[in-house]
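For reference, the structure is listed below as structure tokens.
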Amino acid sequence: MAKLQPVRGTHDLLPDEARKHQHVIAAFRDLAERYGYGQIDTPIFEFTEVFDRSLGETTDVVTKEMYTFQDRGGDSLSLRPEPTAGIARAFISGGLAQHLPLKFYAYGPMFRHERPQKGRLRQFHQLDIEVLGVPEPLADIEVIALGAHLLEVLGVRQKVTLELNTLGDTESRTAYRDVLIGYFSGHEASLSEDSRMRLKRNPLRILDSKDEGDRRIVAGAPQMGDYLNQVSKDFFQKVKDGLDALGQAYTVNDRLVRGFDYYTHTAFEFTTTLLGAQSAVIGGGRYDHLIEYMGGPSTAGIGWGCGIERLVMLLDEPPAPERPVAVIPVGADGEAEALVLTQQLRRAGVKTDLAFRGNVGKRMKQANKVNARIAVLVGGDELARGVVAVRDLDSGEQTEVAREKVVAQLGGN
RNA sequence: GUGGCUGUAGCUCAGUUGGUUAGAGCGCGGGUUUGUGGUACCUGAGGUCGUGGGUUCGAUUCCCAUCAGCCACCCCA
């Protein structure tokens with residue numbers, strides 16, 4: 001530690017930035033509660049196995065992006081790279097299956113050892129929504145609607161588009177996957193190095209390759225739509241119908257895929273073109289086999305995650321903080337009385353600032369700096385007469401108010 | 001993890017074709033006004049020119065490494 005600098009890819013949230021984060025979180029909490037979701041808060045670290053099993057041992061996130069360490073007892077633990085695995089684990093270990101259906105919301109820091117870029121940090125924050133035990137498409141629709149609603153409330157809805165796809169059920173998906181492997185294997189020599197790797201690990205991912213050569217091959221690839229069975233088609237149709245009924249616009253993007261086998265049916269992302277390569281603001285999907293895959297009872301699930309930092313970057317200025325009243329002592333006797341008045345105002349619910357030092361001029365400047373709306377000058381001959389000076393800092397208008405009436409008068413504002 | 005661009009005061013940036021004391025604006029401190037702010041004027045503080053090493057009589061300037069940010073890939077939130 002040659003220099004006192006933050007660890008790469010981490011960031012201090014100073015008050016201005018923290019305020020934006022809290023603005024997002026407050027909106028999220030409010031909406032989630034309104035939709036009937038309850039907060040769940042799981043630990044930021046788990047046994048490494050929890051993530052290995054849920055995300056798959058061959059995925060990038062698990063193989064090279066996790067912060068994994070041995071604790072003093074010799075257990076392998078990992079900082080959570082995403083929220084769903086921990087919630088699924090809590091569901092299983094807490095025996096929550098008897099309370100289905102469950103609707104959860106969560107938020108907090110996540111950790112991935114990636115190369116940082118704008119909108120991509122090593123410690124970042126996510127909002128998360130999960131619905132467990134609801135195999136019906138109505139849950140998909142609700143969860144997407146909640147995401148759209150959040151974006152709308154935050155005033156960024158127009159900066160983002162909804163992309164939608166289906167991966168089908170296990171049968172459809174397996175069939176398609178086999179066909180795809182067959183097709184791409186026939187073109188293996190022409191595929192990019194990355195995609196040859198994907199062919200082994202995650203063939204669906206080749207579909208959204210950005211490599212030009214890959215794209216030519218992908219253009220001739222079999223379509224997911226042709227391999228969906230009736231159940232899968234019906235499910236997707238119901239999701240689309242529901243979104244249509246809500247007037248929720250979307251684009252079907254058949255390149256939008258998910259990596260793991262437990263994913264089924266709906267996959268969606270709210271994307272933007274304003275954040276460079278980091279286009280996904282909200283990403284989610286249905287994971288009907290995750291809980292089972294992790295060793296729990298077969299339980300349907302759907303949810304999404306949303307990057308707070310990315311959302312904040314799309315945000316216009318959030319509402320300014322409330323402007324305080326500045327109490328300004330005049331003289332030594334004024335200071336004692338100013339302290340008392342300050343606390344009285346605070347107890348009455350008035351945001352109040354009392355500068356710690358300086359003469360009247362200094363503290364008036366300080367009042368300006370904290371953007372006070374009113375200055376109350378306490379002390380001197382006014383105090384002897386039982387009054388204080390109340391000055392409107394915008395208009396410069398100053399009046400005298402009886403000391404015992406100040407709190408009532410300012411409390412009304 | 002791969003390739004590339006960048007790194008000078010708290011912030012935004014100028015500058016040094018290698019050579020004595022590195023500049024501006026904003027911000028910050030003090031003052032004009034020891035009982036009245038926001039404007040104006042005066043004034044002050046603040047930089048081992050990201051860090052380490054090399055070349056050189058001499059490096060902030062050239063070279064290498066390293067750290068960090070950014071861009072693309074990758075991955076995704």
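Not measured: the values here are computed from a predicted model.
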Kindly state whether the ring of A:His11 and the ring of A:Phe124 have centres lying under 6.0 angstrom apart.
no
Go through the N and O atoms of the side chain of A:Arg120 and the base of B:C71, and report whether any donor-acceptor pair is under 3.5 Å.
no
A:Arg196 and A:Glu188 ion-paired at < 4.0 Å
no
Spacing of the C1' atoms in B:U2 and B:A14 (rounded, Å)
35 Å
Closest-nucleotide ordering on RNA chain B, the 5'-leading residue of A:Gly119 and A:Val7
A:Val7
Nearest-Å distance once atom C1' is located in both B:G30 and B:U21:
24 Å
Which nucleotide in the list B:C74, B:C76, B:G69 gets nearest to the side chain of A:Asp194?
B:C74
Salt-bridged, A:Arg112 to A:Glu82, with N to O below 4.0 Å?
no
Side-chain ion pair, A:Arg323 and A:Asp394, N-O less than 4.0 Å:
yes
The nucleotide from B:C76, B:G30, B:U36 with an atom nearest the side chain of A:Arg205 is B:C76
How far, in whole Å, is B:A65 from B:G19 if one measures between their C1' atoms?
27 Å
Expressed in angstrom and rounded to an integer, what is the separation of A:Glu309 atom CD from B:C76 atom P?
18 Å
Counting side-chain heavy atoms from CB outward, which of B:C67, B:C75, B:G37 is closest to A:Gln5?
B:C67
Pairwise P distance for B:C64 and B:G4, with rounding to whole Å:
12 Å
Using both distances under 3.5 Å as the test, list the Watson-Crick or G-U wobble partner of B:G3, or none.
B:C71
What does A:Glu82 touch in the nucleic acid at a heavy-atom separation under 4.0 angstrom: a base, only the sugar-phosphate, or nothing?
nothing
What interatomic distance, in whole Å, is found between C1' of B:C5 and the corresponding atom of B:G46?
30 Å
Can you confirm whether or not the ring centre of A:Tyr37 sits under 6.0 Å from the ring centre of A:Tyr105?
no
Suppose we call two aromatic rings close when their centres sit under 6.0 Å apart. Are A:Tyr107 and A:His125 close by that rule?
no
Base of B:C73, side chain of A:Arg115 - is there a donor-acceptor contact under 3.5 Å?
no
Assert: residue with more 5' nearest nucleotide on RNA chain B, out of A:Cys306 and A:Gln398, is A:Gln398
Report yes if a side-chain nitrogen or oxygen of A:Lys365 is closer than 4.0 Å to either non-bridging phosphate oxygen (OP1 or OP2) of B:U39; otherwise report no.
no
Nearest-Å distance, CG (A:Asn359) to C1' (B:U33)?
10 Å
Measure from CD on A:Gln366 to C1' on B:G29 and round the result to the nearest Å.
13 Å
Output yes when at least one side-chain N/O atom of A:Lys210 is less than 4.0 Å from OP1 or OP2 of B:C73, else no.
yes
When the P atoms of B:U60 and B:U43 are compared, how many Å lie between them, rounded to an integer?
32 Å
So which nucleotide from B:C75, B:U36, B:C76 ends up closest to the side chain of A:Leu377?
B:U36
Quick one: label A:Ala277 by what it contacts on the DNA or RNA (base, sugar-phosphate, nothing), any heavy atom closer than 4.0 Å.
base
Have a look at A:Asp211 and say if it touches a base, only the backbone sugar-phosphate, or nothing, with a 4.0 Å heavy-atom cut-off.
nothing
Checking all strands, does A:Arg310 fall into the base, sugar-phosphate, or nothing category for heavy-atom contacts under 4.0 angstrom?
base
So does A:Arg173 pair up with A:Asp169, basic N to acidic O under 4.0 Å?
no
Ignoring hydrogens and angles, answer whether the base of B:G37 and the side-chain atoms of A:Arg363 contain a donor-acceptor pair closer than 3.5 Å.
no
With sugar-phosphate meaning primed atoms plus P, OP1 and OP2, does A:Gly9 contact a base, only sugar-phosphate, or nothing at under 4.0 Å between heavy atoms?
sugar-phosphate
What closest approach, in Å, do A:Leu191 and A:Phe184 show between heavy atoms, and which atom pair accounts for it?
CD1-O, 3.9 Å
Figure out the CG/P separation between A:Leu275 and B:C75, and round it to whole Å.
19 Å
Contact class for A:Gln126 (heavy atom, under 4.0 Å): base, sugar-phosphate, or nothing?
sugar-phosphate
Using only modelled atom types and a 3.5 angstrom limit, is any donor from either the side chain of A:Asn368 or the base of B:G37 paired with an acceptor on the other?
yes
Donor-acceptor pair, side chain of A:Arg122 and main chain of A:Glu114, under 3.5 angstrom:
yes
Tell me the partner of B:U51, counting only Watson-Crick (N1-N3 plus N6-O4 or O6-N4) or G-U wobble (N1-O2 and O6-N3) with both under 3.5 Å; none if nothing fits.
B:A65
Euclidean distance for P, B:C28 against B:G10 (whole angstrom)
15 Å
In this structure, how many angstroms lie between the C1' atom of B:C75 and the CZ atom of A:Arg112, rounded?
8 Å
By the 4.0 Å heavy-atom rule, please label A:Ile308 as base, sugar-phosphate, or nothing.
nothing
Please classify the nucleic acid contact of A:Gly283 as base, sugar-phosphate, or nothing, using heavy-atom distances under 4.0 Å.
sugar-phosphate
Counterpart base for B:U17, defined by Watson-Crick or G-U wobble contacts under 3.5 Å
none
Report which part of the nucleic acid A:Val330 touches: base, sugar-phosphate, or nothing (heavy-atom distance under 4.0 Å, all strands).
base
Consider the side chain of A:Pro116, meaning its heavy atoms from C-beta on, and name the nucleotide among B:G31, B:C76, B:C70 that approaches it most closely.
B:C70
Once you round it to whole Å, what is the distance between P of B:G38 and CZ of A:Arg323?
15 Å
Taken to the nearest whole Å, CD/A:Gln117 to P/B:C75 is 13 Å
With heavy atoms under 4.0 Å as the rule, sort A:Gly334 into base, sugar-phosphate or nothing.
nothing
In whole Å, what is the span from the CD1 atom of A:Ile129 to the C1' atom of B:A77?
14 Å
Considering only the C1' atoms, how many Å lie between B:U8 and B:U16, rounded to the nearest integer?
11 Å
